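Before any comments, here is the structure.
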Amino acid sequence: MEEKKKIVFSAIKPSGDITLGNYLGAIKNWIGLQDEYECYYCIADLHAITVKQVPAQLRKRVLEILAIYIASGLDYRKSTLFVQSHVPAHSEASWILTCSANMGELSRMTQYKDKTSKLKENSSISAGLFNYPVLMAADILIYQADFVPVGVDQKQHVELSRDIAQRFNSAYSETFVLPDSKISESAAKIMDLTDPSKKMSKSDDNENSYILVLDPPDVIRRKISRAVTDSVGVVNYTDDQPGVKNLINIVCAIKGIRPEEVVASFEGRGYKEFKEYVAEVIVEELEPIQKKANELLTDKTQLEEIYTEGAMKANRIALKTLRKMQKKVGLLPAVLKYL
Ligand code: TRP
C-alpha cells in the first residue's frame with residue numbers, strides 16, 4: 001500500500017510584486033517538494049491587508065503571483081494552488097486560535113516589533129498586524145501540515161504555530177499535527193542590491209534595490225550594473241565584500257553551483273565582466289518564466305479555473321479541521337439549511 005505523503009504548506013504574501021528574492025528563497029525550492037509531499041501553496045491575501053493596500057493593485061497582483069507560481073514550475077495537477085481568502089476556514093480558525101494565543105507571546109514576535117518600531121503612534125498599528133502570526137498558524141494547522149518551507153525570518157512564526165497547536169491539543173485533546181519549519185540549505189537569502197546588509201524587499205522605496213521576477217531583461221541588466229560592490233576589485237566570496245557575495249549567491253541559487261566555482265571562473269577578471277555575467281544568468285532564468293506568466297495572464301479564464309479548483313480542494317480539507325476545532329471548543333454545530 002502506498003504510504004501517506006507528508007504535508008507541506010507555504011505561502012507568499014502579495015504585499016508587493018514578486019522579487020528575485022522571493023523566487024530564489026521560496027518558489028524555486030517549493031518546486032522540488034511536489035513529488036515527495038502533498039503540497040499546499042497559497043497566496044496570503046488576508047496577510048497582505050494587515051497593511052494598507054490599493055485594492056485594484058492587490059487583485060491584479062494575486063493573479064500575477066499565481067501566474068508566476070505556475071510559470072516557475074508549480075504544477076496545479078500535483079499541488080494545491082489557491083488564494084487564502086477563498087477558503088473562509090482560515091479566518092474562522094484564526095479566531096478560535098486567537099483565543100488560544102496570548103498577548104505576551106504575540107508582542108514578542110520579532111517581525112511585529114520591527115514593523116511597529118517604525119510607527120510611533122500606537123493608534124496607527126492595526127490589530128491585524130498584531131494577530132498576523134495567529135492567522136499564519138491557522139493557515140498551517142488547518143491543513144495538518146508537517147513541514148513549512150520558509151526563510152529564516154519566518155521561523156519564529158512557525159514555532160509559534162507549533163506552540164499554539166500544542167496548547168490547543170493539550171487543552172482540548174489531540175487535534176493538530178505539530179508543524180516544523182523547513183529551512184532549505186540551498187534556499188538563498190538574497191540581499192538588497194543597493195544595501196547588502198538588508199534583505200531584498202519588495203516594499204523598498206528604491207527600485208534599484210530589488211529585481212522583480214517580471215522585470216524586463218534591460219531593466220535587470222541596468223539594476224545589476226548599478227548594484228553596490230566595493231573597491232577591492234576582485235571577485236571573492238567573503239563577508240568583507242557583501243555586495244559581491246550577494247551576486248555570487250544569486251548565481252549559485254540559480255545554477256545550483258558552489259561559490260568557489262564562480263570565484264574560480266572570475267579569477268583575474270573585473271566587476272564589470274562579472275556583473276554582465278550575473279545579469280545574463282538572471283535573464284536566462286527569468287525570461288522563460290516571464291513569457292509563460294505573461295501568456296497565462298492574457299487568459300484569465302484559465303487562471304480562474306486553476307484557483308477555483310485549488311480552492312475547492314483546500315476548502316474540503318480545511319473545513320474538516322475547522323469542524324473538529326469548533327466541536328472541541330464547544331460551539332454548537334450549525335444546521336446549514338440556508339445554504
Ligand atoms: N508571513 C509569510 C511571509 O511574509 C507568508 C505566509 C502567510 C506564510 N501564511 C503562511 C508562510 C503560512 C508560511 C506558512 O513570508
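It should be emphasised that the depicted structure is a prediction, and the values quoted were computed from it without experimental measurement. Just so you know, ligand 1 is whichever comes first in the structure, and atom 1 is the first atom listed for that ligand. Numbering starts at 1 and runs along the sequence shown.
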Problem set entry | N/O separation below 3.5 Å, Y132 to ligand 1 | yes
Exercise. Is there a donor in the side chain of K28 and an acceptor in the side chain of S72, or the other way round, less than 3.5 Å apart?
Worked result: no
Exercise. Between D139 and Q84, do the side chains contain an N or O donor and an N or O acceptor separated by less than 3.5 Å?
Worked result: yes
Students should be able to answer this: which protein heavy-atom is nearest to [atom], and at what distance?
{"atom": "atom 9 (N) of ligand 1", "answer": "D139 OD2, 2.7 Å"}
{"atom": "atom 5 (C) of ligand 1", "answer": "A11 O, 3.5 Å"}
{"atom": "atom 10 (C) of ligand 1", "answer": "M136 CG, 3.3 Å"}
{"atom": "atom 14 (C) of ligand 1", "answer": "V148 CG1, 3.6 Å"}

For this session: Please name the residue in the list D239, T238, D240, N236 that meets the side-chain hydrogen bond (donor to acceptor under 3.5 Å, both in side chains) test with K245.
Result: D239
For this session: Identify the two heavy atoms, one from I164 and one from A137, that lie closest to each other, and give their separation to 0.1 Å.
Result: CD1-CB, 4.3 Å
For [X], take its heavy atoms, then give the atoms of ligand 1 lying under 4.0 Å from any of them.
{"X": "F9", "result": "12 (C), 14 (C)"}
{"X": "H47", "result": "7 (C), 9 (N)"}
{"X": "A44", "result": "7 (C)"}

Problem set entry | Whether F82 and F9 hold their rings parallel, tilted or perpendicular, with breakpoints at 30° and 60° | perpendicular
Exercise. Once the angle between the rings of W30 and Y69 is folded into 0 to 90°, is it parallel (under 30°), tilted (30 to 60°) or perpendicular (over 60°)?
Worked result: perpendicular
